[in-house]
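Excluded from the calculations below are hydrogen atoms, water molecules and symmetry mates; all remaining heavy atoms, backbone and side chain alike, are included.
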Amino acid sequence: MDALAVMGLALGMRHGTDPDHLAAIDGLTRIRPRTTNGIYFALGHALVVMLLAMGLGHFLASRLAFAGPWSLIVIGLVNLWRLLRGAAAPRITSRPIVVQPVLLGMLLAAGFETASQLSALILAGQGSAWLLGVAFSLGMVLVDGLDGYLAGSTQRLAAIGQTRAKAASRALGIIVVIFAFGLGGAELFGIELTSVALPLGLSLFVIVLGLRIWARTKGPTARDTEISCVETMQGELADYMNQEQRALVGDCPGIVECAGPLDVIFGVLTQFVRSARLF
């Protein structure tokens with residue numbers, strides 16, 4: 001394989017772990033849950049990167065640069081509103097949404113030029129821009145596609161009442177809000193985050209991945225809780241009936257064996273007479 005393609009693939013995978021990607025994909029999935037959000041986001045992002053690598057996208061990037069940070073802030077606001085409302089996780093449907101993640105990917109590509117993206121543009125001058133662009137895009141699609149799939153499946157588990165998935169979804173929502181406001185605000189105020197983008201992105205990726213793996217471990221669902229409550233009530237009812245039977249026929253390890261029909265009838269009559277005296 002060409003060394004330039006390998007380098008482009010590695011840069012694309014590294015770029016897919018940038019915190020703005022994770023915040024955007026997770027934030028969008030909590031609003032419009034689809035397991036394909038990450039793939040379409042990466043494709044939209046890759047389109048702008050390829051145009052930049054070929055020297056055709058600078059006009060587009062200069063006109064849309066302002067929209068990238070504002071997109072993250074809007075995602076953060078919507079997720080914050082949902083967290084404060086305590087809104088339930090929306091259910092995932094099979095119909096994919098294409099325009100929203102593709103447009104979001106394009107806006108963030110224009111507004112956030114991170115170190116790996118700039119490196120790709122520099123390498124484009126040393127070889128085929130098409131080869132670099134395709135390899136870079138493939139790396140992003142692999143990482144962001146996996147992130148989107150895991151985000152969507154976590155939301156699906158939360159929607160059906162899986163306890164740990166619901167807790168993980170809420171924790172991820174808080175992370176999305178913090179990073180969406182932080183990254184969007186830093187870009188608007190001109191705060192340079194290039195030097196910390198890699199450790200910040202990798203740390204966030206590990207935290208997010210850990211929460212999603214934990215969400216998939218066996219935990220009680222709402223249905224399990226209902227069944228457990230019913231079983232507990234049935235057990236308590238059985239204990240109560242057993243105590244009543246012992247009160248009627250006496251304390252005996254084997255009530256059926258030591259109490260015949262006459263004993264049971266006599267016990268019932270005795271209890272009836274005792275109750276009648278109380279009124």
Side-chain angles (χ1 to χ4, degrees), residues 3 5-30 35 37-46 48-49 68-69 71-73 75-76 79 101 104-105 107-123 132-133 135-155 165 167-187 191-217:
V6 175
M7 182 62 69
L9 179 67
L11 286 173
M13 295 180 69
R14 177 259 175 270
H15 189 64
T17 63
D18 277 355
D20 58 299
H21 284 227
L22 300 176
I25 294 171
D26 283 46
L28 180 61
T29 302
R30 290 179 54 80
T35 54
N37 281 340
I39 293 177
Y40 290 125
F41 174 91
L43 291 176
H45 203 87
V48 175
V49 172
S71 300
L72 276 184
I73 290 176
I75 288 176
N79 277 274
L104 184 61
L107 292 177
L108 262 65
F112 291 86
E113 288 191 347
T114 57
S116 58
Q117 186 171 324
L118 293 175
S119 299
L121 299 180
I122 293 172
L123 286 173
L132 178 66
F136 188 89
S137 302
L138 178 60
M140 276 198 304
V141 168
L142 290 175
V143 175
D144 289 341
L146 176 62
D147 180 55
Y149 173 79
L150 293 176
S153 56
T154 300
Q155 289 298 104
S169 176
R170 182 170 181 81
L172 289 169
I174 296 173
I175 292 174
V176 165
V177 170
I178 293 173
F179 275 85
F181 287 156
L183 295 172
E187 186 70 16
I191 301 174
E192 185 61 46
L193 297 178
T194 303
S195 59
V196 297
L198 180 58
L200 188 64
L202 290 178
S203 301
L204 178 60
F205 188 77
V206 170
I207 293 172
V208 169
L209 186 62
L211 282 172
R212 290 173 183 157
I213 293 175
W214 177 75
R216 281 160 178 75
T217 57

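Crowding of Phe181 atom CZ: a count of heavy atoms from other residues, nucleotides or ligands under 6.0 Å exceeding 12.
Here the straight-line distance linking atom CG of Leu108 with atom CD1 of Ile75 works out to 7.0 Å at 0.5 Å rounding. In this structure, CG in Leu107 is found 4.5 Å from OG in Ser71, a value given to the nearest 0.5 Å. We find the CG-CZ distance between Leu202 and Arg14 to be 7.0 Å, quoted to the nearest 0.5 Å. Between the CG atom of Asp20 and the CG atom of Leu183 there is a distance of 6.0 Å, given to the nearest 0.5 Å. Leu138 CG to Leu9 CG: the interatomic distance, rounded to the nearest 0.5 Å, is 5.5 Å. To the nearest 0.5 Å, atom CH2 of residue Trp214 and atom CG of residue Leu211 are 7.5 Å apart.
Annotation for Ala215 and Thr154: closest pair CB-CG2, 4.3 Å, computed over non-hydrogen atoms. Across every non-hydrogen atom of Gly27 and Val176, the tightest pair is CA-CG1, 3.6 Å. Minimum interatomic distance between Arg30 and Arg170 (heavy atoms only, all atoms of both residues): NH1-N, 4.2 Å. Closest heavy-atom contact between Ala23 and Ala180: CB-N, 4.4 Å. Of all non-hydrogen atoms in Pro69 and Gly184, the two that sit nearest each other are CB-O, 3.5 Å.
Contact of the Leu204 side chain with the Leu200 side chain is not registered, since no non-hydrogen atoms from C-beta on lie closer than 4.5 Å. Side-chain contact between Ser137 and Leu43 is absent, with no heavy-atom pair separated by less than 4.5 Å. Using a 4.5 Å heavy-atom cutoff, the side chains of Val143 and Phe205 are in contact.
Each salt bridge (charged side-chain N to carboxylate O under 4.0 Å, His left out) pair with one or both residues in residues 194-212, not counting sequence neighbours, appears once here: Asp26-Arg212, Asp147-Arg212.
The salt bridge (charged side-chain N to carboxylate O under 4.0 Å, His left out) test applied to Asp144 returns no partner, not counting sequence neighbours.
Checked options His15, Met7, Met13; the residue passing with Leu11 is Met7 (criterion: side chain to side chain contact (heavy atoms under 4.5 Å, CB included)).
At distances below 3.5 Å, at least one donor-acceptor pair connects side-chain atoms of Ser203 with backbone N or O atoms of Pro199. Between the Asn79 side chain and the Gly173 main chain, no donor and acceptor come within less than 3.5 Å of each other.
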Could you walk me through whether Phe179 and Leu72 satisfy the side-chain contact (heavy atoms from CB on, under 4.5 Å) test, starting with their C-alpha distance in whole Å, then the side-chain angles of each, then the deciding distance to 0.1 Å, before giving a yes or no? CA-CA 9 Å; Phe179 275 85; Leu72 276 184; over 6 Å; no
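No side-chain donor from either of Gln155 and Thr29 sits under 3.5 Å from a side-chain acceptor of the other.
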